Amino acid sequence: MTNIVLNVVVIALVVGVSWRVLRRLRPSGLVWTTVLLLVLTLVFDTLMIAVGLYVYHPDRILGVYVWGAPLEDFAYPVVAALAVPALWEVLGRRRAPDAAGAP
């Protein structure tokens, strides 16, 4: 299995599981968070690949690079930008009644 197939499956699962929560959030916040994480990934993954901290197996990636980082690397910040706010909302909502009743 190539990395892009795994990335598409994980993104689809995250969106499928968290869709009900995500649609209640402000789209602008999700978009700006995703853009920021993608830019940070672009800069730091390119630097880490350039100095040899990690290498991708050529048979596992598409071979499409964005400024030195493989296209597949950009799925991780997208998943984080979707999953973290969804988890924050779900877990925060569960704790809210306890916090309101606390002295």
Side-chain angles (χ1 to χ4, degrees):
M1 177 184 311
T2 60
N3 289 349
I4 197 71
V5 172
L6 181 62
N7 292 344
V8 169
V9 169
V10 170
I11 290 173
L13 284 172
V14 167
V15 170
V17 168
S18 60
W19 177 250
R20 294 179 72 195
V21 175
L22 288 173
R23 67 183 177 165
R24 291 191 306 251
L25 300 176
R26 287 184 319 179
S28 62
L30 291 174
V31 169
W32 282 111
T33 300
T34 304
V35 168
L36 179 64
L37 289 174
L38 287 171
V39 168
L40 290 170
T41 299
L42 177 69
V43 171
F44 289 106
D45 278 12
T46 300
L47 290 173
M48 289 186 287
I49 291 168
V51 298
L53 288 178
Y54 57 93
V55 179
Y56 289 92
H57 193 285
D59 294 338
R60 301 278 184 205
I61 61 173
L62 290 175
V64 177
Y65 291 87
V66 180
W67 200 35
L71 183 64
E72 292 87 347
D73 258 3
F74 296 95
Y76 307 114
V78 171
V79 168
L82 296 175
V84 171
L87 282 171
W88 184 275
E89 284 293 313
V90 170
L91 295 176
R93 203 174 324 121
R94 287 184 184 171
R95 293 183 185 182
D98 294 339

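Along the sequence shown, residues are numbered consecutively beginning with 1. The structure displayed is predicted, hence computed values, not measured ones.
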>> Grouping I, L, V, M, F, W and Y whenever their side-chain heavy atoms are under 4.5 Å apart, do Val66 and Leu47 come out in a common cluster?
In response: yes
>> Using the ring pair (Phe, Tyr, Trp, His ring centres under 6.0 Å) criterion, which residues pair with Phe44? Sequence neighbours excluded.
In response: none
> Which pairs pass side chain to side chain donor-acceptor pair (under 3.5 Å) with one or both residues in residues 75-85, sequence neighbours excluded?
Replying inline: none
>> Show every ring-ring contact (aromatic ring centres under 6.0 Å, His included) that has at least one partner inside residues 49-71, sequence neighbours left out.
In response: Tyr54-Tyr56
>> Suppose the criterion is side chain to side chain donor-acceptor pair (under 3.5 Å): which pairs have a residue in residues 13-26, not counting sequence neighbours?
In response: none
> With sequence neighbours excluded, what pairs up with Val10 under the side chain to side chain contact (heavy atoms under 4.5 Å, CB included) test?
Replying inline: Leu6, Val14, Val79
> Is there a chain of hydrophobic side chains (I, L, V, M, F, W, Y, each step under 4.5 Å between heavy atoms) that links Val5 to Phe74?
Replying inline: yes
> What's the shortest heavy-atom distance between Leu62 and Glu72, and which atoms?
Replying inline: N-OE2, 2.6 Å
> Is it true that Val64 and Val78 fall in one hydrophobic cluster, defined by side-chain heavy atoms closer than 4.5 Å?
Replying inline: yes
> Who are the side chain to side chain contact (heavy atoms under 4.5 Å, CB included) partners of Val51, not counting sequence neighbours?
Replying inline: Leu53
> Taking all non-hydrogen atoms of both residues, which atom of Ile49 and which atom of Gly68 are closest, and how far apart?
Replying inline: CD1-O, 3.7 Å
>> Could you measure the distance from the CG atom of Leu87 to the CG atom of Leu82? Nearest 0.5 Å is fine.
In response: 11.0 Å
> In terms of hydrophobic clusters joined by side-chain contacts under 4.5 Å, are Trp88 and Trp32 together?
Replying inline: no
Which pairs would a plain distance check flag for residues 33-40, meaning a side-chain donor or acceptor within less than 3.5 Å of a matching protein atom at least two apart in sequence or in another chain?
residue: Thr33; atom: OG1; partner: Gly29; partner atom: O; Å: 2.7
residue: Thr34; atom: OG1; partner: Leu30; partner atom: O; Å: 2.7

>> I'd like to know if the side chain of Glu89 and the backbone of Leu22 have a donor-acceptor N/O pair within less than 3.5 Å.
In response: no
>> For Ile11 versus Ala75, what's the shortest heavy-atom pair and its separation?
In response: CD1-CB, 3.9 Å
